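Sequential numbering from 1 along the given sequence is applied to the chain's residues. Here the structure is a predicted model, which is why all the values come from computation and not from measurement.
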Amino acid sequence: MYYSLYWEFYLFEFKFLADQTIEFTDPGYLTSSYYELNGDALIIETIYTLPSGSKRKFTGNYLYSEIDGNFTGTNSFISYDEDENDTNWTCEGTASVFR
């Protein structure tokens, strides 16, 4: 079953795999993914490595709502080259995960 992640103006389709990773319909430069579902809390983490070697790390923290059946929460997007502690830029926002 595919889910959708809506962030800012972007829509990503994916499914959760049994090994705690995520499979996207369009993975782009995805190099690793992870998710954790603990009760009503969902954490999603993905890392993309661009051809230049620069990395983009996306981390989302969401809570499930029984009212609409969606997960909503906040996320951060970090750009770095070799080490996360050497950040080029960051971006934060809100996102929703739904079927």
Side-chain angles (χ1 to χ4, degrees):
M1 169 181 297
Y2 280 93
Y3 290 82
S4 297
L5 171 72
Y6 182 73
W7 177 61
E8 301 294 322
F9 304 104
Y10 303 101
L11 184 66
F12 303 94
E13 292 184 323
F14 65 93
K15 63 181 171 180
F16 296 109
L17 302 178
D19 65 356
Q20 301 298 107
T21 61
I22 300 168
E23 178 182 290
F24 287 87
T25 54
D26 180 8
Y29 298 112
L30 182 70
T31 49
S32 70
S33 65
Y34 168 79
Y35 77 89
E36 180 179 330
L37 183 58
N38 187 1
D40 288 344
L42 172 65
I43 298 170
I44 294 177
E45 181 179 289
T46 56
I47 298 177
Y48 300 85
T49 303
L50 304 182
S52 66
S54 178
K55 295 182 179 1
R56 306 290 188 267
K57 180 178 180 181
F58 175 90
T59 305
N61 294 286
Y62 311 100
L63 289 176
Y64 180 74
S65 168
E66 290 189 22
I67 295 170
D68 61 12
N70 298 334
F71 287 89
T72 56
T74 60
N75 55 49
S76 63
F77 200 56
I78 301 169
S79 168
Y80 61 97
D81 291 324
E82 295 298 322
D83 184 340
E84 269 185 76
N85 296 319
D86 189 21
T87 302
N88 296 325
W89 53 263
T90 64
C91 174
E92 293 184 356
T94 59
S96 296
V97 176
F98 54 93
R99 289 184 193 180

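Applying the ring pair (Phe, Tyr, Trp, His ring centres under 6.0 Å) definition to pairs two or more places apart or across chains, those involving residues 28-47 are F16-Y35. Evaluation of the ring pair (Phe, Tyr, Trp, His ring centres under 6.0 Å) test over residues 69-88, restricted to residues two or more places apart or in two chains, returns W7-F77, Y64-F71, F77-W89. Among residues at least two apart or in separate chains, side-chain hydrogen bond (donor to acceptor under 3.5 Å, both in side chains) pairs with a member in residues 17-26 are D19-T21.
Atom-to-atom distance recorded for N61:CG and E36:CD is 10.0 Å, nearest 0.5 angstrom. Put simply, OG on S4 and CZ on R99 are 11.5 Å apart, with the number rounded to the nearest 0.5 Å. Note that CD of E92 is 6.0 Å distant from OG1 of T90, once rounded to the nearest 0.5 Å.
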query: After noting the C-alpha distance and the side-chain angles of F12 and I22, does the key distance pass the side-chain contact (heavy atoms from CB on, under 4.5 Å) rule?
result: CA-CA 11 Å; F12 303 94; I22 300 168; over 6 Å; no

message: One pair to check against side-chain contact (heavy atoms from CB on, under 4.5 Å): S65 and N70. What are the steps and the verdict?
response: CA-CA 6 Å; S65 168; N70 298 334; 5.7 Å; no

task: Test T94 against T72 for side-chain contact (heavy atoms from CB on, under 4.5 Å), laying out the working first.
output: CA-CA 7 Å; T94 59; T72 56; over 6 Å; no

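Taken together through direct or relayed side-chain contacts under 4.5 Å among Ile, Leu, Val, Met, Phe, Trp and Tyr, I44 and L37 form part of one hydrophobic cluster. The cluster map of Ile, Leu, Val, Met, Phe, Trp and Tyr, joined by side-chain heavy atoms under 4.5 Å apart, puts F58 and I78 in different clusters.
Across all their heavy atoms, G60 and N75 have their closest contact at CA-CB, 3.8 Å. Scanning all heavy atoms of the two residues, the minimum distance from T49 to K55 falls at OG1-NZ, 3.8 Å. Between P27 and F24, the closest heavy-atom pair is CD-O, 3.8 Å.
Taking Ile, Leu, Val, Met, Phe, Trp and Tyr as hydrophobic and joining them when side-chain heavy atoms fall under 4.5 Å apart, one finds I67 isolated, its cluster having no other members.
With sequence neighbours excluded, the residues forming a side-chain hydrogen bond (donor to acceptor under 3.5 Å, both in side chains) with S54 are R56, listed by chain and number. For E84, the salt bridge (charged side-chain N to carboxylate O under 4.0 Å, His left out) partners at least two apart in sequence or on another chain are K57.
Within the 4.5 Å cutoff, no side-chain heavy atoms of F14 are placed close to those of L30.
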